[in-house]
Amino acid sequence: MRSLYLGAKARKDENFSTGRTTVTLSNENDFSVEGSLDSQGYLSGMAKLYKKMALKDGDEISFKFSVDGTIVITEVITVYKTDCEDDQTSELEPEEKETVFKRDRLNHIHIEAFRPENLNIWEPETEADVYLVFGVLQDFTDFQYCCGTSISILKKLGANYEDSAKPDAILIDRISEQYLMAEWKKKSSDYKLNHNPDDVDVLVCWTDNEINRDLLPPRVLALHTVAKAAAETALKDGN
């Protein structure tokens with residue numbers, strides 16, 4: 001899972017703080033990695049640390065919190081493995097291959113990764129980004145993701161979209177528990193390009209910029225607004 005469990009004792013530390021957390025090594029000043037620390041003491045996003053320290057399941061770490069909440073790892077206790085277990089582990093580890101970026105010598109640019117806290121500098125590039133953001137933020141909405149609208153599921157439902165573009169997904173209304181047809185767009189103004197207002201129940205978009213509301217379905221969920229509210233909630237909880 002590439003995560004660390006800090007335990008109950010860590011949660012009692014006065015410098016323990018949930019949210020984005022930096023991890024450093026006491027003996028290497030130039031190494032750091034960021035992850036997300038939850039209230040139960042689980043720290044996710046530690047793939048870089050696992051790679052750096054060759055961590056395996058069952059390994060234990062000693063650490064301390066600095067005043068600013070940074071986690072400083074002071075020692076790693078490697079769990080003893082037999083020679084046979086070591087051989088099996090090495091066979092399962094995938095060979096590290098050259099990435100497409102490196103092989104094709106793609107330009108070095110900074111591409112901002114999404115998280116609720118970085119709204120000022122993150123924008124979706126494709127509708128797939130909007131899907132991903134909804135997955136992160138759906139607990140802040142009235143909707144739960146059910147599934148994508150494959151040909152198979154539409155056939156089972158008896159839904160006919162031969163004369164119009166099929167919807168992207170099926171959501172569940174958390175209040176009524178009804179199934180809802182949903183469409184994903186970067187901007188709400190893109191919806192009218194290939195859909196009618198009654199094609200779906202919910203339009204999920206990043207920004208809602210359509211002036212003519214008659215061109216939109218009954219419900220429009222603008223994730224930029226939801227993300228902003230989620231970020232403000234995270235900041236309050238952090239304080």
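Atom set for the values below is all heavy atoms of this structure, side chains included, hydrogens, waters and symmetry mates excluded. The structure displayed is predicted, hence computed values, not measured ones.
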Determine the interplanar angle of the Y191 and H195 rings, folded into 0 to 90°, and report it as parallel if under 30°, tilted if 30 to 60°, perpendicular if over 60°. parallel
Report yes or no: do Y5 and L55 belong to one cluster of Ile/Leu/Val/Met/Phe/Trp/Tyr joined by side chain heavy-atom distances under 4.5 Å? no
Does L154 form a side chain to side chain contact (heavy atoms under 4.5 Å, CB included) with M181? I'd like the steps, not just the answer. CA-CA 11 Å; L154 290 177; M181 289 296 183; 4.1 Å; yes
Of all heavy-atom pairs linking D208 and S188, the shortest is OD1-OG, 2.7 Å
Could R174 and D139 be called an ion pair, given the rule that one side-chain N must be under 4.0 Å from one carboxylate O? yes
Got Y131 and D168 here, is their nearest side-chain heavy-atom distance under 4.5 Å? yes
How far does CD1 of I73 sit from CG of N27, to the nearest 0.5 angstrom? 10.0 Å
Which heavy atom of P217 sits nearest to which heavy atom of V202, and what is that distance? CG-C, 4.3 Å
Distance in Å, F31 CZ paired with S26 OG, rounded so as to fall on 0.5 Å steps: 12.0 Å
Residue pair I71 / K64, side-chain heavy-atom distance below 4.5 Å: no
Quick check for you: to the nearest 0.5 Å, what is the distance between T74 atom OG1 and I61 atom CD1? 8.5 Å
Within the side chain of R219, is there an N or O that forms a donor-acceptor pair under 3.5 Å with the backbone of L203? no
Please determine whether a side-chain nitrogen of the Lys or Arg among K48 and E34 lies less than 4.0 Å from a carboxylate oxygen of the Asp or Glu. no
How close do V220 and L216 get, heavy atom to heavy atom, and via which atoms? CG2-CD1, 3.9 Å
My understanding is that only residues two or more places apart in sequence, or in another chain, count here; which of them pass side chain to side chain contact (heavy atoms under 4.5 Å, CB included) with D190? K185, K186, K187, L193
Separation between CG (L137) and OG1 (T225), nearest 0.5 Å, reads 11.0 Å
Between D38 and Q40, is there a donor-acceptor pair closer than 3.5 Å when you use the side chain of the first and the backbone of the second? yes
Those residues that, when tested against T70, pass side chain to side chain contact (heavy atoms under 4.5 Å, CB included) (two or more places apart): T22, T24, S66, D68, V72
So, S189 versus N209: side-chain donor-acceptor pair below 3.5 Å or not? yes
With a sphere of 6.0 Å drawn around CD of E28, does it hold more than 12 non-hydrogen atoms of other residues, nucleotides or ligands? yes
From the list L43, T21, L49, side chain to side chain contact (heavy atoms under 4.5 Å, CB included) partner of V33 resolves to L49
Nearest heavy-atom neighbours spanning S17 and L37: O-CD2, 3.5 Å
Looking at residues at least two apart in the chain, or sitting in another chain, which of them share a side chain to side chain contact (heavy atoms under 4.5 Å, CB included) with E75? S62, I77
If we ignore hydrogens and angles and just use 3.5 Å, is the side chain of D13 paired with the main-chain N or O of A10 as donor and acceptor? no
Do you know the tightest heavy-atom contact between F16 and S39? CZ-O, 4.5 Å
Could you check whether any side-chain heavy atom of M53 comes within less than 4.5 Å of a side-chain heavy atom of L25, counting everything from C-beta outward? yes
Within this structure, what is the OH-CG distance for the pair Y179 and L157, rounded to the nearest 0.5 Å? 9.0 Å
Centroid separation W122 to W206 less than 6.0 Å: yes
Verify, without hydrogens or angle tests, whether R213 (side chain) and E210 (backbone) share a donor-acceptor contact under 3.5 angstrom. yes
Any sub-3.5 Å donor-acceptor pair from N15's side-chain atoms to G69's backbone N or O? no
At their closest point, which heavy atom of S44 faces which heavy atom of S3, and how far apart are they? CA-CB, 3.9 Å
Close side-chain approach of V204 and L171, heavy atoms under 4.5 Å: yes
Run through F140, F143, W184 and flag the one making a ring-ring contact (aromatic ring centres under 6.0 Å, His included) with F134. W184
Roughly how far, to the nearest 0.5 Å, is NZ of K166 from OG of S150? 7.5 Å
Is the closest side-chain heavy-atom distance between V133 and V226 below 4.5 Å? no
